[in-house]
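I have placed the structure first, in the form of structure tokens, so that the comments after it can refer back to it.
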Amino acid sequence: ERISDEFKSFLDSGIYRLDGSKVVFVDPVRLLNDSYSRFRISPSSYYSRSFQSTDRRRVVEEVNVPSISKKKRKRKKTPRDLNEREKSAEKRHQQEARSLLLKAHRAFLEAAELQTFLPKLVKCVEFSRGGETEEKNFIELGSCWQAPLYEIGLCFPKSNEGEDSWLANHVGRTVVPLFNNLISHETNDEVEAEFNNSQYILPGRSCFYMSDLRQIRNLIPAKSDQGFNLIVIDPPWENGSARQKAAYPTLPNRYFLYLPVKELAHAEGALVALWMTNREKLHMFVEKDLFPAWGVTNVTLCYWLKVKPDGSLIGELDLFHHRPYEYLLLGYINMENIDSECMPAVNLEDARVIISIPGVHSRKPALGKLLWDHIPGNKPVKCIELFARELMAGWTSWGNEPLHFQDSRYFVEK
Ligand code: SAM
């Protein structure tokens, strides 16, 4: 069967452009695999949510009847029941998002070769490494009194320098403090790390700092021309869902005003990408308080539309409390200093839509490749992710659990 160039390029890059590039379907597993050479992300571990959902629903139906009826009550909420803020959220949904997202979803459904391939994308079963021990809870470990004593061992791969040399046969191992410490390595290949009987895979030239928000100032570069050109931020926004509370701690909005985003930005311009949930209160906060505090201007609104392996949306588009989409806001810092020579395609024009099958709760697709043409500064650009739960080749990751998805259970060996 003949396959299109677009599909061929998707198999390689993880990006499928639809509808004149305003809409893209991405496979986050392929996007992440760019960071690895000896390992790959296991698709079945990434897409595990796609397997669980039906089981969970069955369990809920059988065991937890009251919660179902509660859900039904919510569904019945009519426009008349909405308070002022909810009304303005509904208006935003109807006027700005709805038709754009329907059009994007239609374009996605019409890409027949992609639709045929989707089930294979998630069902690709591979046996991952490790996973015998319980997953480490870095948030807990980092906040206990022993935290300063924990160390991680980095095992450097064999050097390629001359086969007879001492280095060639020497597998280096360095032990460094795990928390409140900038851990980076210059190796182009992955480095394997060990902490407390668990193995972690660190992508080439990756760097991380595992700490609480209170230590984030340690990441501020000494000189502003050493700042970051791309800053991706996925804050632990507060939201009512109990499930989220169990997954990780959240922070009140005012804390984010003090994130040193401006201080992290490169003096000659930085692109900021902020993930945002669907609450109207957040829209107002980001527009009126947060972006002005960080000095972010020229903002473009993008959408992340979540689909199931059968191509359908993960929930009804018009269901008030459970929209199948989230927001991604893009903007610039130090815009006035961006060198016109290396001016990126700053004008992102109208909204774009990123479509993907979601991984586990709150896991976002990697953005580096999608935003590449819009990052100001000379290449190689410097990129950082705040509140990260994983590492990427060449990037700096900060958060209280940036090693979370680096556990070897999420990987297969090539
Ligand atoms: N972008 C991530 C991904 O794709 O997997 C998800 C990030 S999640 C929305 C927010 C993260 O912020 C969680 O890992 C959470 O533990 C972390 N976090 C919460 N409170 C924090 C704090 N006080 N300091 C540092 N990180 C914190």
> Under 4.0 Å between a Lys/Arg side-chain N and an Asp/Glu carboxylate O for Glu113 and Lys8?
Replying inline: no

> Roughly how far apart are Thr277 OG1 and Leu282 CG, rounded to 0.5 Å?
Replying inline: 4.5 Å

> Looking at CD1 of Ile3 and CG of Leu11, how far apart are the two atoms once the value is rounded to the nearest 0.5 Å?
Replying inline: 5.5 Å

> Nearest 0.5 Å, what's the CG-OG1 distance between Leu386 and Thr396?
Replying inline: 10.0 Å

>> Can you see whether Ser397 engages Tyr209 through a side-chain donor-acceptor pair at a distance of less than 3.5 angstrom?
In response: no

> Quick check: does any side chain N or O of His266 sit under 3.5 Å from a backbone N or O of Phe228, one acting as donor and the other as acceptor?
Replying inline: no

>> Within the 3.5 Å criterion, strictly below it, is a donor on Thr187 or Asp189 matched to an acceptor on the partner's side chain?
In response: no

> Between Trp372 and Lys379, is there a cation-pi geometry (under 6.0 Å to ring centre, at most 45° from the normal)?
Replying inline: yes

>> Would Arg40 pass as a cation-pi partner of Phe411, given that its NZ or CZ must be under 6.0 Å from the six-membered ring centre and within 45 degrees of the axis?
In response: no

>> Quick check: do Leu178 and Asn181 have side-chain heavy atoms less than 4.5 Å from each other?
In response: no

>> Can you confirm if the aromatic rings of His93 and Tyr325 lie within a centre distance of less than 6.0 Å?
In response: yes

> Rounded to the nearest 0.5 Å, what separation is found between the CG atom of Leu18 and the NE2 atom of His105?
Replying inline: 11.0 Å

> What distance do Arg409 atom CZ and Ile201 atom CD1 have between them, rounded to the nearest 0.5 Å?
Replying inline: 12.0 Å

> Crowded around Arg85 CZ? As in, over 12 foreign heavy atoms under 6.0 Å?
Replying inline: no

> So, are Asp212 and Arg214 salt-bridged, with charged N and O less than 4.0 Å apart?
Replying inline: yes

> Going by an N to O cut-off under 4.0 Å, is there a salt bridge joining Lys87 and Glu84?
Replying inline: yes

> Do Tyr200 and Phe138 pass the ring-ring contact (aromatic ring centres under 6.0 Å, His included) test, and can you show the C-alpha distance, the side-chain angles, and the key distance before you say yes or no?
Replying inline: CA-CA 13 Å; Tyr200 298 88; Phe138 292 110; 5.7 Å; yes

> Is the NZ or CZ atom of Arg352 both under 6.0 Å from the centre of the six-membered ring of Tyr303 and within 45° of that ring's axis?
Replying inline: no

>> Check whether Glu86 reaches the backbone of Asn83 with its side chain - one donor and one acceptor, N or O, closer than 3.5 Å.
In response: yes

>> With heavy-atom distances below 4.5 Å as the criterion, would you say the side chains of Pro43 and Val122 are in contact?
In response: no

>> With side chain to side chain contact (heavy atoms under 4.5 Å, CB included) as the test, pick out the partner of Leu274 among Phe256, Tyr327, Trp294.
In response: Trp294

>> Under a 4.0 Å threshold between the charged nitrogen and the carboxylate oxygen, would Glu326 count as salt-bridged to Lys306?
In response: yes

